[in-house]
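Only a predicted model underlies this, so the values are computations on that prediction, with no experimental measurement involved. Numbering of ligands and ligand atoms starts at 1, following listing order.
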Amino acid sequence: MRVLVIGSGAREHALLLALSHDPTETALACAPGNAGTAAVAESYGVDVTDPVAVAARAREWDADLVVIGPEVPLVAGAADAVRAAGIACFGPSAAAARIEGSKAFAKEVMQAAGVPTAHGEIVINPAKLDAALSRFGPTWVVKDDGLAAGKGVLVTTDLAAARNHAMILLENGHPVLLESFLDGPEASLFCVVDGTTVVPLLPAQDFKRVGDDDAGPNTGGMGAYAPLPWAPADLVKDVVAKIIQPVVDELAARGTAFSGLLYAGLALTSNGPQVIEFNCRFGDPETQAVLALLRTPIAALLNAAATGTLAAHPPLEWHDGYAVTVVIAAEGYPARPRTGDVITGAEHPDILHAGTRRRDDGAIVSAGGRVLSVVGTGSTLTEAREDAYRKVSEVHLAGSHHRTDIAARAAKGEVTTR
Ligand code: AMP
Ligand code: GLY
């Protein structure tokens, strides 16, 4: 099977690495990729925002299966274009990708499916903002109702800050979503879906704030680990039954069946799991940890989802133990990442590339905010952390920063659900 992966992050590097271990895979390509993906797959340029260009690239390369990593091409309709070209595609249609592309659509689907989620209100008119804000608090959750790469959300106990964030969004023409605050630890559950059948992966947790102890602004994600030693034993079964399957069934009933990866971002509250958000693709950086533990060949799994045959796929097999991934970010990330710095010490195969490129002189340099995703594994979370941070210490990138506390509280048994 010839597999083309669309995207250029560490998530795509992790997918390619997993795909390369599948005996049914015969050739791998990545577009546009990065310096790390180029070591495991042929590299091609492509404008990921242009569905026609993505489909043309797939046809030219004679792909049997296209795996689309990021949300932007999915929301733009890249999967529709690839399927229209007669090629199997792992990733939802534009209509189904709205579950991520529009938070208002996601809320409406959840309401129709009876899925527990935060109460939300959309504000479009600035004159109605203050009255709306007064119906929320003492912790305000203010979101951009469109794709914002995880950076459009402000969670704050400061009403003035909440108001200011909402006003900036409104002044830029973005509808604002206000939400009630969900308390409790967060979990990410990824499910492979073929329109009807749901196959859950191991639950993971990611770290969205830039600094240790969750200080500073939200980012695309600074680290992750899987599975969750503190989670109730029936968590995955419970979430599939009460949240994922009802949403998959609701989308199918609307004629917009979801095929691809449905990602539920959850808060495990005292009232049970509630949805914070849905994403229409693998999460980054959780994928880097989750796939490090998957034993089942992934090309056949993704192909089964793309061809509607998941019900006949054998149960997934996993390695014992834990995986931790730590993101190494560029100086200035997330506000103003500096690029062009030389990276050394990142040759280990467990060091996945995100914002990197190979310079003409052969040096690997930073080319984005999140630069590397370092993966460690071990029989305990503590060992997996030590493995990851040992590899992190070998990397040199001037001005870079990373969190030192990824999975630390979970390893010490300090994460609990009430
Ligand atoms: P999102 O982009 O919707 O995933 O939001 C980014 C982060 O903001 C989430 O991972 C949560 O940490 C936080 N967040 C979003 N919505 C809520 C909510 N309703 N209650 C509590 N925290 C939230
Ligand atoms: N890990 C968060 C995301 O992929 O959106």
- prompt: With a cut-off of 4.0 Å, which atoms of ligand 2 are near a heavy atom of Asn279?
  reply: 5 (O)

task: Check the side chains of Thr117 and Gln274 for a donor-acceptor pair under 3.5 angstrom, ignoring hydrogens and angles.
output: no

- request: Provide the number and element of each atom of ligand 2 under 4.0 Å from a heavy atom of Gly283.
  value: 4 (O)

- prompt: Which ligand 1 atoms are under 4.0 Å away from a heavy-atom of Ser180?
  reply: 18 (C), 19 (N), 20 (N)

- line: One finds that the ligand 1 atoms under 4.0 Å from a non-hydrogen atom of Ala118 are 19 (N)

Salt-bridge present (Glu383, Arg390; N to O < 4.0 Å): no

query: Are Arg281 and Tyr263 in a cation-pi setup, meaning NZ or CZ lies under 6.0 angstrom from the ring centre and within 45 degrees of the ring axis?
result: yes

message: Going by salt bridge (Lys or Arg N to Asp or Glu O under 4.0 Å), Asp214 matches just one of Lys208, Arg209, Arg403. Which one?
response: Arg403

query: Counting heavy atoms only, which part of Phe282 comes closer than 4.0 Å to ligand 2: side chain, backbone, both or neither?
result: neither

- prompt: Between His119 and Phe136, how do the two ring planes meet: parallel, tilted or perpendicular, split at 30° and 60°?
  reply: parallel

- request: Check each heavy atom of Arg281 against ligand 2 and say whether those closer than 4.0 Å belong to the side chain, the backbone, both or neither.
  value: side chain

task: Kindly indicate whether a cation-pi arrangement holds for Arg98 with Phe105, taking the cut-offs as under 6.0 Å to the six-membered ring centre and within 45° of the axis.
output: yes

statement: In ligand 2, the atoms that come under 4.0 Å of a heavy atom of Asp206 are 1 (N), 2 (C)

query: For ligand 1, which atoms have a heavy atom of Phe181 less than 4.0 angstrom away?
result: 20 (N), 21 (C)

task: Give the ring-plane orientation class for His353 versus His13, where under 30° counts as parallel, over 60° as perpendicular and anything between as tilted.
output: perpendicular

- prompt: Which atoms from ligand 2 have a heavy atom of Glu286 less than 4.0 Å away?
  reply: 1 (N), 2 (C)

